[in-house]
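Lettering of chains follows the sequences in order, A, B, ..., and the numbering in each one begins at 1.
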There are 2 protein chains.
Amino acid sequence: MSEAPHLTFDLEKPGVSKGDLVVPKGADCEALSLPVFSLNKGEGPRLLITGGCHGNELEGPIVARRLIEWLPEAQTCGRIIIVPVLNPPAVQAFTRNTPIDGLNLNRVFPGRADGSATERIADAVSRILLPTADTIFDLHSYGPGWEFPLVNTTHPVADPGLMAKTIRMAEAFKLPMTLIWEHPETPGMFDTLAQNQGKVFICPELGGGEVGAEALAIYEAGVRNGLIALGLVEGKSDYLTFRRQNSVQALETRRSSDELYSPARGIFEPRCSMLDEVKQGDLIGVLYPMDSLTADTIDVLAPGTSIVCGIRSGSYVEVGEFIALLGRPLNR
Amino acid sequence: MSEAPHLTFDLEKPGVSKGDLVVPKGADCEALSLPVFSLNKGEGPRLLITGGCHGNELEGPIVARRLIEWLPEAQTCGRIIIVPVLNPPAVQAFTRNTPIDGLNLNRVFPGRADGSATERIADAVSRILLPTADTIFDLHSYGPGWEFPLVNTTHPVADPGLMAKTIRMAEAFKLPMTLIWEHPETPGMFDTLAQNQGKVFICPELGGGEVGAEALAIYEAGVRNGLIALGLVEGKSDYLTFRRQNSVQALETRRSSDELYSPARGIFEPRCSMLDEVKQGDLIGVLYPMDSLTADTIDVLAPGTSIVCGIRSGSYVEVGEFIALLGRPLNR
């Protein structure tokens with residue numbers, strides 16, 4: 001058994017601290033050092049902000065680094081701990097999963113001290129960082145290959161009190177959309193672990209391969225709105241401008257009817273944009289068989305009245321690949 | 001020696017024909033069939049439209065497939081041959097280069113009949129398709145990981161008459177930008193082979209990972225404008241709306257001063273958007289060292305007054321990676 005995971009500094013120290021979360025070495029790699037920022041202003045909310053869980057979602061690490069620059073001037077109380085990159089090997093490889101063991105960090109929580117690299121990261125985060133916070137902002141994005149709005153997502157939570165509190169917190173970001181995504185039972189998610197401990201877990205997603213300056217600014221402003229709502233930062237919370245949206249939509253998406261999959265292999269062409277309203281029979285996209293120009297193209301149609309929450313970018317797809325996510329106003 | 005590359009149909013046949021360009025088998029893979037469309041309306045310009053040279057640039061294949069749907073109603077004269085996917089193995093793998101031999105199709109022209117898969121594709125295209133056309137539209141895009149406008153690019157051509165003709169043709173697309181990109185001597189490009197034969201070679205590029213419905217519509221309208229300018233299709237050519245642009249800018253970019261490279265490894269954050277005007281010292285982007293939160297961030301500054309032609313999306317970069325392309329109005 002190697003050394004235990006630990007922080008290189010004392011979280012109780014007042015003011016700004018910077019150091020590392022050390023994830024012990026194992027059979028598959030040397031010890032990893034995850035840079036950690038902490039700003040302790042005493043009494044108040046205890047927040048953990050994480051980014052870079054998936055290595056091809058770079059918005060989170062960038063927004064986290066920007067926060068570290070201005071929080072010392074802005075935070076008035078409580079304690080905020082920031083880990084810009086939870087999974088450094090995946091970020092360096094620009095892969096969703098960890099290249100060392102091929103695992104998805106967001107499927108192995110709470111992890112294992114004697115497991116592979118990804119499991120050891122999850123173990124260190126679960127044991128050292130998660131207990132320090134009542135609220136977690138885990139900064140994700142939808143990843144390359146999709147057109148996806150700036151959205152705060154949460155999956156349905158069994159406890160109705162925690163569900164309501166989570167939706168309120170998510171909406172306080174004032175991102176263009178809050179999405180309650182009915183999700184299959186997925187073991188090992190960071191979300192579930194935190195929610196089972198009664199914590200508010202917020203997961204902003206920003207999609208598409210284009211991590212542009214404008215989208216980053218809106219993402220950062222959304223997180224700032226969340227900090228204001230928690231009372232950690234003073235200031236006025238603003239609605240954000242993104243595409244045609246200047247208000248918050250709360251949508252829900254049902255697993256059975258709102259996830260569209262490719263009916264064949266071929267090149268998918270999106271025929272709608274995110275946030276478009278569609279009704280039954282409207283064209284969502286077209287599939288072009290690649291092997292022949294005489295084979296018919298296949299129309300992908302909307303099964304009912306809905307709003308396009310996300311649409312796959314033009315790409316080659318196999319049969320059964322996820323190509324569009326629809327939603328409808330949240331039934332509160 | 002296996003069979004020679006050939007078409008499965010007769011290009012001289014009037015009207016619409018569909019079939020394949022057969023690329024013979026070799027030591028590394030079986031024969032490849034590239035679907036080909038031809039519409040022969042007799043006298044007039046002879047145009048070749050190709051897409052999917054690089055497998056992670058899907059705009060071209062999609063726009064090519066859309067053209068095939070409406071050209072039979074619209075084309076009035078001449079002959080148009082369309083190959084939506086030049087490199088099927090690369091498109092299926094969503095990789096720039098061919099997965100079979102690791103080669104970049106746009107670096108091996110004119111190819112080799114006894115070479116590897118990529119070289120055999122280039123050989124078939126050079127020998128069977130290129131001689132059929134006076135003008136080539138090779139539909140590219142900038143690929144994932146960049147914010148890049150809809151732009152028609154050409155590299156400087158030695159023959160001033162052909163250069164002027166090429167720029168006129170490129171501008172006729174009325175895409176938001178026409179870019180004359182000074183490029184290092186790069187052997188094996190399709191462009192160079194065609195230009196050395198006195199042909200007009202047009203290479204639209206559309207960047208970013210997001211192959212969305214709106215961008216595809218503009219790309220297609222640009223190609224339609226090009227067809228109208230050639231006299232192959234009747235109709236009115238329109239300026240296109242993209243971001244804040246509603247006119248054509250012709251820019252040039254110089255190799256020595258306008259290509260910016262990462263000064264260090266870390267996470268790059270873009271601080272400007274494409275088409276932004278910047279002056280000397282303006283912030284183009286920021287580099288965050290990943291290994292430590294105490295190491296200083298590095299500012300990437302504009303070397304002079306220029307227009308941002310392309311900007312890398314937020315991503316992990318090694319030292320020396322290409323992160324921004326600047327330009328200035330074309331000095332005619």
Could you look at Val36(B) and say if it's the side chain, the backbone, both or neither that has a heavy atom under 4.5 Å from chain A? backbone

Pick one of side chain, backbone, both or neither for Leu216(B), based on which atoms fall under 4.5 Å of a heavy atom in chain A. side chain

To the closest 0.5 Å, what do you measure between OG1 (Thr297(A)) and CD (Glu69(B))? 5.0 Å

Is Arg65(A) reaching over with its side chain to a backbone N or O of Ile267(B), donor-acceptor style, under 3.5 angstrom? no

Which bit of [X] is near chain B, if near means a heavy-atom gap under 4.5 Å: side chain, backbone, both or neither?
X         : answer
Val317(A) : neither
Arg265(A) : side chain
Ser292(A) : backbone
Leu293(A) : both

Around atom CD of Glu73(B), are there more than 12 heavy atoms from other residues, nucleotides or ligands closer than 6.0 Å? no

Taking atom CD of Glu321(B) as the centre, report whether more than 12 heavy atoms of other residues, nucleotides or ligands fall under 6.0 Å from it. yes

Quick one: of [options], who has the most non-hydrogen atom pairs under 4.5 Å with chain B?
options                                  : result
Pro61(A), Gly55(A), Pro35(A)             : Pro35(A)
Leu58(A), Val85(A), Ile311(A), Thr294(A) : Leu58(A)
Ser315(A), Gly52(A), Gly19(A)            : Ser315(A)

Residue pair [X] / [Y]: nearest heavy atoms and the distance that separates them:
X         : Y         : result
Arg66(A)  : Tyr288(B) : CG-OH, 3.3 Å
Cys272(A) : Ala213(B) : O-CB, 3.6 Å
Val91(A)  : Met290(B) : CG1-SD, 3.7 Å

